[in-house]
Every structure is written in structure tokens, then in C-alpha cells.
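Remember, it's a predicted structure, so these values are computed and weren't measured experimentally.
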Amino acid sequence: MKKKLALAILLSGGGSNAQAIMDACRSGALDAKVRIVGADRLSAGGLDRAAAMGVDHFVVDYKGILQDTEASSVYPPPPDLDLGDVLKKQHLFPEDRASEEGCVSEKVRHFFMRRAAAERMLLDALLPFEPDLIVLAGFMRTLSPYFIDRMQQPGELPKIMNIHPALLPAFPGTDGYGDTFRHGCRVGGCTVHFVDYGEDSGPIVGQAAFPILPGDSLEDVKRRGLEEEWKLYPSCIQLYAEGRLVLENRPQRSGAVRRVVRVLS
Ligand code: GRF
């Protein structure tokens, strides 16, 4: 029998996508097994869903770790953190755009060091389960190059997937459905993509769209969007399990080259 794809799910909230994925694994619609579920906060409802499905789960308390301001920190940065490398690869704040580690503010350095401490804890909890794919399902934290580089090698098929509540590249960020609705769009959607160093900028795996009708409220848009997400995410993971996703380079009008996903038939 073919080995099932080993999944690790990270979440922050209610976990309805995690539920859809665990259900698809259980029903056999998905050739995968959820080995572990992790959250960045104890209050994440998705943890109860994992428990109810008999799936191992853990919490890394991001808030406590990021707020740690003690000089002799309770959460020291991991010994293998190369802060200069991380700062070169990822730009989340206007003030971290300096190319030299020494040029960025103490606040930014502190944030990236604490985040790496949290990510080391994530890795220590995840890696024993030998995940083939990390599935972000409403995980409201940006992963840094410290984490990403320890999960996937440049040139290989990425190993971290995310679902975003908008038709990327429109409306990246934390409130995709809200931004879609407030913009007055007539169509909304969701996107499954691989994770890179940017914000919701990695190669697109799949998308689903739905109409936004006159009279719809933001709540209607969110409800319709989530219903699409529950179908889209398992179907994209199944493509990964079947080995049907490959990356190719596609030149852009700007002259830059973008990595895009091609789905093998
Ligand atoms: C979803 O809308 C997903 O697109 C976004 O966060 C939400 C998570 O919902 N990233 P749930 O926790 O899976 O119910």
C-alpha cells in the first residue's frame, strides 16, 4: 500500500479547515494522515477538534514569547539563528529594510529573535512527527526564513502550504474577505499557495471563486468563502499527495522570473 502523506497542521482559530482536512483523511478522499496539530495560542478552538479526532496537538505561546523583554531572556534565540540572513531575506516592517543586520532598530532585531525562539519550539514539536507537508490553516503568524529554511530546501518542491481568504495576488494580509467586501468586488474567492518569505506571495496551487450578490453582507461573504475553502484545501493537498505539483519559472513583464505551479495531469 502507498504510504500516506504525513501532514502537520498549524492554526490559530476555530479550525474549520483543519476539520475539513481531517475529515477528508478519515473518509479516504485524501491520501494523507494528520499526524500533529499545533497552535500559537491555548484558546484556539482547532485544538479541541484535533483532540476529538484523536490527533496529537500542542501549543507554542507566541504572545508570551514575543512579549518577553527580559534582558536575560526566558526565551533565548536558537543558537543556529543567523539574524543577518533572516533580515536579508524577509521584510515585514518599513524599518527592517536595511540590508545590514547592524542597521535595523533594536525593536526589529528583538522581534525577529523572539520569533525564531518561538519557531524553534514549533520545529521541536513538529519534526518528531516527520511531516511531509506543513499545512497552515488559519495560522495568524508569518513564518520567518529561520523556520522556512529548516523545512524546505531551495529548488525543491516547497513543503509549506497556506490558505488565504482572497483571490491572490489581490488582498494579501490578515483580512482577505473583509478587504474584498469593502472594495466592492463582485467576485470573492480563496487561494491555496506555497509559502515563501513574503506575505501571501508564494506560488499559487489552486483557487476557487464565488459571486458576491447585491445585498450580501460581510458575514455572507465569509460563510460562502469558508464553504469553498473546505473543498479547495483538501483537493490541493491531494494533488501534492499524488505528486502532481511541479514548479516552473515563468518570466514576468517586469523582466523578473516568477516560480509558478504546474499541475500534472
Ligand atoms: C480562513 O478563512 C482562512 O482562509 C484564513 O483563516 C481562516 C481560518 O478559518 N487564513 P478556520 O480556523 O479554518 O475556521
Side-chain angles (χ1 to χ4, degrees), residues 1-11 15-38 46 49-50 53-57 122-123 126-139 143 147-169 176 189-198 200-210 225-250 257-265:
M1 208 174 83
K2 221 177 112 222
K3 187 180 159 279
K4 287 184 185 244
L5 192 75
L7 303 178
I9 298 181
L10 293 178
L11 49 77
S16 68
N17 277 286
Q19 186 70 58
I21 293 164
M22 291 187 291
D23 288 345
C25 290
R26 185 166 283 189
S27 74
L30 189 44
D31 296 323
K33 184 169 168 48
V34 179
R35 303 282 308 274
I36 178 80
V37 170
R49 293 181 186 267
M53 298 291 282
V55 174
D56 280 308
H57 48 282
L122 278 186
L123 288 163
L126 293 172
L127 292 178
F129 291 88
E130 300 182 352
D132 299 310
L133 183 67
I134 308 285
V135 174
L136 307 184
F139 186 62
L143 293 169
F147 182 94
I148 294 171
D149 291 352
R150 277 157 188 76
M151 286 309 309
Q152 59 195 33
Q153 297 305 315
E156 282 180 3
L157 191 64
K159 283 181 75 176
I160 311 172
M161 248 185 209
N162 183 40
I163 189 154
H164 180 73
L167 289 171
L168 291 171
C190 48
T191 303
V192 171
H193 64 94
F194 285 125
V195 169
D196 65 8
Y197 301 142
D200 304 318
S201 57
I204 290 172
V205 178
Q207 294 185 301
F210 55 89
L226 270 175
E227 284 168 8
E228 293 299 330
E229 291 185 32
W230 302 331
K231 291 179 276 178
L232 179 69
Y233 217 171
S235 71
C236 289
I237 297 168
Q238 180 61 18
L239 290 174
Y240 194 97
E242 291 171 7
R244 290 173 56 196
L245 302 178
V246 292
L247 286 180
E248 62 183 29
N249 291 330
R250 196 168 292 174
V257 173
R258 189 178 163 76
R259 289 200 313 161
V260 300
V261 171
R262 187 157 59 89
V263 180
L264 303 175
S265 49

key: Counterpart residues, salt bridge (Lys or Arg N to Asp or Glu O under 4.0 Å), relative to E248 (two or more places apart)   = R250, R262
query = For A24, what residues pass the side chain to side chain contact (heavy atoms under 4.5 Å, CB included) criterion, not counting sequence neighbours?
reply = A29, L30, P234
request  = Indicate the atoms forming the closest heavy-atom contact of L232 with A208, along with that distance.
outcome  = CD2-N, 4.0 Å
Interatomic spacing from CZ in F210 to CG in L226 - rounded to 0.5 Å = 9.0 Å
query = How about L5 and D31: do any of their side-chain heavy atoms sit closer than 4.5 Å?
reply = no
R259: salt bridge (Lys or Arg N to Asp or Glu O under 4.0 Å) partners, not counting sequence neighbours = none
message = Test your reading of the model: is there a side-chain donor-acceptor pair from D132 to the backbone of A6, 3.5 Å cut-off?
response = yes
task = Before giving the answer on side chain to side chain contact (heavy atoms under 4.5 Å, CB included), spell out for K33 and C25 the whole-Å C-alpha distance, their side-chain angles and the decisive distance to 0.1 Å.
result = CA-CA 6 Å; K33 184 169 168 48; C25 290; 5.6 Å; no
remark   = CE (M161) and CZ (F194) are apart, to the nearest 0.5 Å, by 4.0 Å
request  = Show the numbers, then the answer: is there a side chain to side chain contact (heavy atoms under 4.5 Å, CB included) between L122 and L143?
outcome  = CA-CA 11 Å; L122 278 186; L143 293 169; 4.3 Å; yes
query = What closest approach, in Å, do A166 and T191 show between heavy atoms, and which atom pair accounts for it?
reply = O-OG1, 2.7 Å
query = Looking only at heavy atoms, what is the nearest atom pair of L168 and D200, with distance?
reply = CD1-O, 3.4 Å
inquiry  = With side chain to side chain contact (heavy atoms under 4.5 Å, CB included) as the criterion, how do Y240 and L157 come out once you've worked through the C-alpha distance, each side chain's angles and the decisive distance to 0.1 Å?
reply    = CA-CA 10 Å; Y240 194 97; L157 191 64; 3.6 Å; yes
ask   = Roughly how far apart are Y233 OH and I163 CD1, rounded to 0.5 Å?
value = 6.5 Å
ask   = Who passes side chain to side chain contact (heavy atoms under 4.5 Å, CB included) against P165, sequence neighbours left out?
value = Y177, E229
key: By side chain to side chain contact (heavy atoms under 4.5 Å, CB included) - contacts of D196 (at least two apart)   = S201
message = Testing L136, L133, V135 one by one against I160 for a side chain to side chain contact (heavy atoms under 4.5 Å, CB included), which residue passes?
response = L136
key: side chain to side chain contact (heavy atoms under 4.5 Å, CB included) partners for L127, two or more places apart   = R120, L123, M151
ask   = Closest approach of V261 and P203, non-hydrogen atoms and distance?
value = CG2-CB, 3.7 Å
message = So, using salt bridge (Lys or Arg N to Asp or Glu O under 4.0 Å) as the criterion, who are the partners of D149 when residues are at least two apart?
response = K89
task = Could you tell me the separation between the CG atom of L239 and the CD1 atom of I237, rounded to the nearest 0.5 Å?
result = 10.0 Å
ask   = With sequence neighbours left out, what residues match R244 under salt bridge (Lys or Arg N to Asp or Glu O under 4.0 Å)?
value = E242
query = For R49, which residues count as a side chain to side chain donor-acceptor pair (under 3.5 Å) partner, sequence neighbours excluded?
reply = Q19
Shortest non-hydrogen contact from M22 toward V34 = CG-CG2, 3.8 Å
ask   = Atom NE2 of H57 and atom CG of L11: how far apart are they, to the nearest 0.5 Å?
value = 10.5 Å
key: Rounded distance [0.5 Å steps], SG in C236 versus NZ in K231   = 13.0 Å
message = Quick check: closest heavy atoms across L126 and A8, and the distance to 0.1 Å?
response = CD2-CB, 3.7 Å
